[in-house]
Structure formats: structure tokens, C-alpha cells
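Since the structure comes first, as C-alpha cells, the remarks are kept for the end.
Counting starts at 1 for both ligands and their atoms, following the listed order. Because only heavy atoms are used, hydrogens play no part in the values below, and waters and symmetry mates are left out as well, while side chains stay in.
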Amino acid sequence: MIKALRGMRDILPPLSKKYLYFINTAQKLAQNYGFEYIQTPLLEETSLFKRSVGESSDIVGKEMYQFIDKGGNDVVLRPEGTAGVVRSFIEHKLDRQGKVFRFYYFGAMFRYERPQRGRFRQFYQFGVESFGEKSVYEDASLILLGKSILDRFHIPYRLKLNSLGCPNCLPPYKKELVKFLSSCEGICEDCKRRRELNPIRVLDCKNPNCQEIYKTAPKLKDFLCPECQEDFSKLQTLLKKEGVEFEIDENLVRGLDYYTKTAFEFVSEQLGAQNALIGGGRYDNLVEMLGGKPTPAVGFAIGIDRILELIEYEEGREGFYLGALDKEGVEVIFSLARKKREDSKVFLEYKPKSLKAHLKSADKLKVTTVGIVGEEELKSDTIWVKNLVTKKEEVIPLEKFLELG
Ligand code: AMP
């Protein structure tokens, strides 16, 4: 038997219904915040991720589905959504328009990670990216959108915030940190590698021994320049005013190289080790790094697979069930269903059976209304109708059935 690849899964009903319910709700909320839908290819040139996500990240260093295509191009199945959206933003010269652009996307991402609960090799993200807005109100708006999506599904969370500084204040901090790290004994192998490639990433090491050592490390918050300090404090004020609870997490450095200033993460207590639901932040240098005009930007991505684990979704009664007591009746309901399906969901039973059997099936299918054609109805072009919610029963002309809501 051929099975799906490890870390990849089929999403069948009822999970697929939950997926669509999530997408519909999230995209409606994103649209309310001014975001428009963007779709970019699943395959991109490898260099796009090397230059954006960064060679020091786990994603580029270890996890990419990278191959040479038949034309000899070095390509990657996208491991995240931001880089492709930024590439598209520049390619279509939106960076030259001096306007604000807000996009949302959703779809599959691919990372060759060790599969575990909440971690897949093909997983799904819903993300938003906003370009051209320097104001910290935009960072706050995105966090409010993230909160609003989680609240809509009654998902409890903790919001972690940090500021990663900017090209003015981050390099002097990194220098101090490297100095500190070079004097550290006993840090893990991963941290030794990070120390060389991207030192601030040591701060989110999960090894308790390393964490103990880093307690005395220099703090980025002491190095923030006045502008970064002011933005970070304004962001906190805005969130507090809107009743958003958060905690400052100085170790929140995020795995990707392109973040500047605001970094945030929504985490859940109800998931296992893989507890991050939403990750995002500001990336004011990325557009320029990829060859575009300098453009401030901020975005986030939601891990849909993890959200689906936490959503309760009970489908309500909906639509119609059409059945017949004998073969001739099936001809009638077949035509009737075609017309009714122009505006309503109709389940059509091809097999004639007793009224009792039809009602039982209709109840299982959770429809609102049942329509049955028997011998009497056949003669008079009518249909017997029962509303399963109000329990009302009546016989009505076939044309009247088409008008039922
Ligand atoms: P990142 O792009 O790493 O910031 O991830 C953003 C969000 O995507 C995370 O908060 C997770 O919810 C989700 N995510 C990342 N990697 C995976 C994975 N391998 N499987 C499932 N969800 C993931």
C-alpha cells in the first residue's frame, strides 16, 4: 500500500471542514483590517530563502526541501510565506509606489523537521504582511488582528513580546554578546554553532544549562537606541489601552534572521512542546536586502495545524434532504434537486425507501428540511415536507419547495 510521506497528512472531513471554517473566519477578519489576498508559488529559487531567512537559521541550514529541477534550477518548496510575498512585492514594483500594501495568504509550507505532535513536514500557515508603514500602530494592529482571530475561536493564549532593535543598536549589542559568549564554558554544541553564525539566537536555546549561563549575559534592552525604545514602549501602551495582556520575553529572538524591532509570539498552554500558535514581527530591512527600495514591513504567520487542534467545531443543521418512496418519485426529486441546488445544499437519496428510513437518514445528515415524494404527491405535483427544527409537516406544490429558505 502506498501511504502519504512521513510528516505529511491528508486532511479529510470533518477536519477539512474545520480547516475551511478557520480560513473563512481568519480571512474575513484580515480583510476587516485592510488586508488583501495574495497567492505566490510553492516553489521559489533557493537563493531567496538563503538571502532572507538566512543561512544561520535552522530552516535554511537543515530543513529545506531543496532540489535541482529538470532545467537545472536550484529550487525549494517554500518553508515559510514571507520571503515569497516580499519577492513578489519587489518583482511587481510595488516598492516604488510609496503606498501601503497589506496582504494575507494561506497554504502549505514545507520543512524537513522531525515530525511530532503539532509539527509536520507539510503544514499550513495563514499569514499577513504589511508593507510601507513605519508606525508602531501597525505593529499593534497586527497583534490585535492575531488576538481577534484566536478570540474568535475561544483559544486561550499567552502573548510574548520583545524588541530586537535595529541596525543602529543591534550590532553593538551583538559585539558585547559575542565577547560574553567567548568566555562561556559548557554551552551546548548548537549554541557554539549559533555563536559563530548568529549570536542572538543562543538566547532562545531550550537547554536549561545554557539558559542558566545566559542569565548573566548582556541584555539587548540596555542597548536599544532611543527610537527603538520609544517604539517599544508606545507599542506596550497601545496594547495595554486595548486590554491586551502580554509579557516581555527578552529571550524571544525568533528563528529567522530578518526580524527588527517588534517580535511577538502567541503561545498556547494546551499544546505539547510545539506550543507556538502565531509568530511575527517587524522586518524593516528585508525588502532592501532582497534588492527592493527600503520599505518598512511587519507581518505574522499562524500555524493552522495547531489551531485546528484547539478549535471546537459543531456543525449546525443545514440544507435539504430529498427522497422518494418509489422509483418514479426518484425522477421527480432528481430534477427538483438540480433546481434547488442553485441556491441551497441538497442531499439527494437515489434509493427509494420508506418514510421512516428517509427521516432517519435525514436526521443523521443534519439537514433542516426533508422533502419526500410518494404516490399521492406524484399524482398532484406536490411534495411532503417536514422541518426537522420546528417539526412542522405540510404538503406543498413542487414550485413552492423551490422557494423554501
Ligand atoms: P515560523 O514561520 O517558524 O515563525 O512559524 C509560524 C507558525 O507556524 C508557528 O507559530 C507554528 O504555529 C507554525 N509552524 C511552524 N513550523 C511548523 C511545523 N513544522 N508544523 C506545524 N506548524 C508549524
Provide the number and element of each atom of ligand 1 under 4.0 Å from a heavy atom of Ala301.
-> 6 (C), 7 (C)
Just say parallel, tilted or perpendicular for the rings of Phe264 and Phe300, cut-offs at 30° and 60°.
-> perpendicular
Is Lys340 salt-bridged to Glu403, going by a charged N under 4.0 Å from an acidic O?
-> no
Does the distance from a Lys or Arg side-chain N to an Asp or Glu carboxylate O, for Glu36 and Arg102, drop under 4.0 Å?
-> no
Minimum-distance protein heavy atom relative to atom 4 (O) of ligand 1 = Arg254 NH2, 2.6 Å
Glu212 and Lys215 ion-paired at < 4.0 Å = yes
Shortest protein contact, atom 13 (C) of ligand 1 (heavy atom only) = Gly303 CA, 3.5 Å
Could you list the atoms of ligand 1 found under 4.0 angstrom from a heavy atom of Ala276?
-> 9 (C), 10 (O), 11 (C), 12 (O)
Salt bridge or not for Asp95 and Lys293, using N-O below 4.0 Å?
-> no
Distance filter under 4.0 Å to Leu277 heavy atoms, resulting ligand 1 atoms = 10 (O), 12 (O)
Any idea which atoms of ligand 1 are less than 4.0 Å away from a heavy-atom of Gly118?
-> 20 (N), 21 (C), 22 (N)
Looking only at distances, please establish whether an N/O atom of ligand 1 is found under 3.5 Å from an N/O atom of Arg111.
-> yes
The protein heavy atom nearest to atom 20 (N) of ligand 1 is Phe120 N, 3.0 Å
Mutual orientation of the aromatic rings belonging to Phe334 and Tyr350 [parallel < 30°, tilted 30-60°, perpendicular > 60°] | tilted
Below 4.0 angstrom, N of the basic side chain to O of the carboxylate: do Glu309 and Arg117 qualify?
-> yes
N or O pair under 3.5 Å between Gln125 and ligand 1 = yes
Heteroatom proximity flag, Glu113 to ligand 1, N/O under 3.5 Å | yes
Answer yes when Glu315 and Lys366 have at least one side-chain N-carboxylate O distance shorter than 4.0 Å, and no when they do not.
-> no
Contact region, Ile278 to ligand 1, non-hydrogen atoms below 4.0 Å, reads backbone
Looking only at distance, does Phe123 have an N or O less than 3.5 Å from an N or O of ligand 1?
-> no
